[in-house]
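Just so you know, these numbers come straight off a predicted model, no measurement behind them. Numbered from 1 within each chain, the chains take letters A, B, ... in sequence-line order.
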2 protein chains.
Amino acid sequence: MADIAKLAKVSAITVSRALSTPDKVSEKARQRIANAITKTGYVPNRVAGSLASNRTRIIAAVVPTIDNSVYGSTLQGLSDVLRADGYHLMVCNSGVDPRGEETLLFTLLSHRPDGMFFHNVLHTDKTRRLLRAAKIPIVEAGDLPSRPIDMVVAYSNFDSAKAMTLYLGRKGYRRIGFVCNDIRTNPRARERRRGYLAALRALNLPQDPRIIYQTPLGFREGAEALSILTRNCPDIDAIFFSAELWAVGALLECQRRGWAVPGRIAIAGYDDHRIAPEVEPTLTSARVQRMKIGQLAAEMLLQRIRGEHVEHSVVDVGYEIFEGLSA
Amino acid sequence: MADIAKLAKVSAITVSRALSTPDKVSEKARQRIANAITKTGYVPNRVAGSLASNRTRIIAAVVPTIDNSVYGSTLQGLSDVLRADGYHLMVCNSGVDPRGEETLLFTLLSHRPDGMFFHNVLHTDKTRRLLRAAKIPIVEAGDLPSRPIDMVVAYSNFDSAKAMTLYLGRKGYRRIGFVCNDIRTNPRARERRRGYLAALRALNLPQDPRIIYQTPLGFREGAEALSILTRNCPDIDAIFFSAELWAVGALLECQRRGWAVPGRIAIAGYDDHRIAPEVEPTLTSARVQRMKIGQLAAEMLLQRIRGEHVEHSVVDVGYEIFEGLSA
DNA sequence: CTGTTAGCGCGTTCAC
DNA sequence: GTGAACGCGCTAACAG
């Protein structure tokens, strides 16, 4: 930078200003500086800048896995909005080990991000303490946490699952099955199951363990769940699959069996990002706008970084019950 | 850090060593330092460390889009290997605008990453100059570039597409259609199309523009392509979709129509990450190990950062023709 | 609009 | 095994 300053016959600070706040530098100086920069191929050193200004222009994001289009959409939303403001995304997956999360967070914070995003309802107490001490804006997503650390952009897994189940009840289905992830390890599955059960109570329907099923994510698993639930309880008339893949897998299985959907059995899903819109019949499902979660989170982080007041620090992006033809 | 030093009754430099090279510090000092750190909740400042040591422990990765499970897998592979060595990933999508890439690169380099990964065959001359001047290890992926900047971990889009087409020819198909991305903006699509055409020549089959089709990625687009190609040329007996989504979309469309696959028409794909394994019939496709690309790239970057010699700086991870039941 | 001064919090280098 | 001095490249704060 000293070189640039010398070449442009100004001081270092003027070069600095020309780069970050160009309108505070005279036209001519800016011109000479720009020339010097292109001539020398100078690339500013943001590490030094960050140390001096105490701002890195980095946002750290922690998602369960990077390799999953649901989180991919959210990351894309984050990245798009952040980049427009000159911020970049440092991405990590949390994995399953909760001890790992603390070490991870420690090294992440050592990079002094200006803000953080978590697609997790966290967190050990130590994690919470670290985050509080960091004094940076934080957005949690994934569910509406009971005890938010800071800001939240989420949707209610409970409400959406309850609404989907109520919808099935209103449509006249009386034996409604439910499929979700392992509730011991997946808090979102837990919430969706709670929503399902609450709806059953509201509908005055009995809760039947033979048609409540936990299984890993996958098409095949959806087809299997369909087999098992219909065998366990032959008069089952609807199944709410709390993820897109299962629902589509089950639909395909129905096609193979020649079962009419919803004639023989009604099928409802959760999320319909990529595959659901393409199947026949169109999937009735609880939709969540994943990319919007990322965009909103980024906007809120940027507002807080700029020192602006954030009107609503807990945002519910909600859900939509898409009324397809499958239920 | 000064606080820690005072608390542990050592100098700052000893604290620094205890953190980065613990074996160069006496057991007792290390113990006192560790205590002081947990007591105060100190988190080291890697920004300052980076400025002093000229190493950030950041790797920057540029992929076409984050929101795509294919690149997601590669990013996951990168992230996994890097994190084991204390490195983190800064992720960007390049978008379509080539001018945008230069600005992006400029700001990325200003963060002084210790290495870079591109899932692109790049690059304007200015881009190449910037990268060369940065003097950091670089891995390109996505295709085997004719003029590598530095290291490469890739697969040949040409070879794999040619092999897939030849496989279809060997299976007896004679009117083989082809679907790819816009060849003006997507170099990988260009290469795959070249491979397809080369195979047709080798098979002595005519090249028929009515059954070569470009379309954006998506299930629906795959179904549409199936409609269009079969309408354009009713005796078409196979289609090679050069991406998973199209192939699966077309399979689903065949199911809707009650067409036997491969009885009425054979279908082949490219990649089969998430969806293809679940469809019926199993998808014949050209498989590329996306996660491995990320892992290898990370290992090569780390080796070079450590100053080690990298045996093979251009690695071809190859492809596999998976012989499913759809063709 | 521009410049001067004084750090930011570490790691390198060299000495002990 | 430990420490002192110095500087990494930039920007905040203040002055002009």
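- Between B:Arg290 and A:Asp67 there is no salt bridge, since no side-chain nitrogen of the basic residue lies less than 4.0 Å from a carboxylate oxygen of the acidic one.
- Comparing B:Leu51 and B:Ala12 by the nucleotide of DNA chain D whose heavy atom lies nearest to each, the residue mapping closer to the 5' end is B:Ala12.
- The environment of A:Asn54 atom CG is sparse: at most 12 non-hydrogen atoms of other residues, nucleotides or ligands sit within 6.0 angstrom.
- Here the closest heavy-atom approach between residue A:Ser50 and residue B:Val47 is recorded as CB-CG1, 3.7 Å.
- B:Tyr87 meets the ring pair (Phe, Tyr, Trp, His ring centres under 6.0 Å) test with no other residue; sequence neighbours excluded.
- In this structure, the side chains of B:Asn93 and B:Tyr71 stay at 4.5 Å or more apart for every pair of heavy atoms.
- Under the 4.5 Å side-chain criterion, counting only non-hydrogen atoms from C-beta, A:Pro44 is not in contact with A:Met1.
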Kindly give the atom pairs (protein nitrogen or oxygen, nucleotide nitrogen or oxygen) under 3.5 Å for nucleotides 12-16 of chain C.
none

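- Counting to the nearest Å, the P atom of C:dC10 and the CZ atom of B:Arg112 are 21 Å from each other.
- Note on B:Arg188 versus B:Glu191: no salt bridge recorded, every NZ/NE/NH1/NH2 to OD/OE distance being 4.0 Å or above.
- The nearest whole Å value for the distance from the CG atom in A:Asn54 to the C1' atom in C:dG7 is 13 Å.
- Shown for residues 20-39 of chain B: no residue has heavy atoms falling under 4.0 angstrom of DNA chain C.
- Against DNA chain C, the stretch residues 2-10 of chain A makes heavy-atom approaches under 4.0 Å through A:Val10.
- Between the side chain of A:Gln76 and the backbone N or O of B:Ile66, at least one donor-acceptor pair lies under 3.5 Å.
- With a 4.5 Å cut-off on side-chain heavy atoms, A:Glu102 and A:Leu105 do not count as touching.
- By the neighbour-count criterion of 12 heavy atoms within 6.0 Å, atom CZ of B:Arg306 is densely surrounded, having more than that number from other residues, nucleotides or ligands.
- For DNA chain D, the outermost nucleotides in 5' to 3' order that have an atom under 4.0 Å from a heavy atom of chain A are D:dG9 to D:dA12.
- The phosphate of C:dC10 has OP1 or OP2 within less than 4.0 Å of a side-chain N or O from B:Tyr42.
- Neither side chain, B:Thr56 nor B:His111, offers a donor N or O lying under 3.5 Å from an acceptor on the other.
- Partners of B:Thr40 under the side-chain contact (heavy atoms from CB on, under 4.5 Å) rule, at least two apart in sequence or in another chain, are B:Ile4, B:Leu7, B:Tyr42.
- Screening A:Leu296, A:Ile293, A:Val139, A:Leu144 against A:Val315 for a side chain to side chain contact (heavy atoms under 4.5 Å, CB included) leaves a single residue, A:Leu296.
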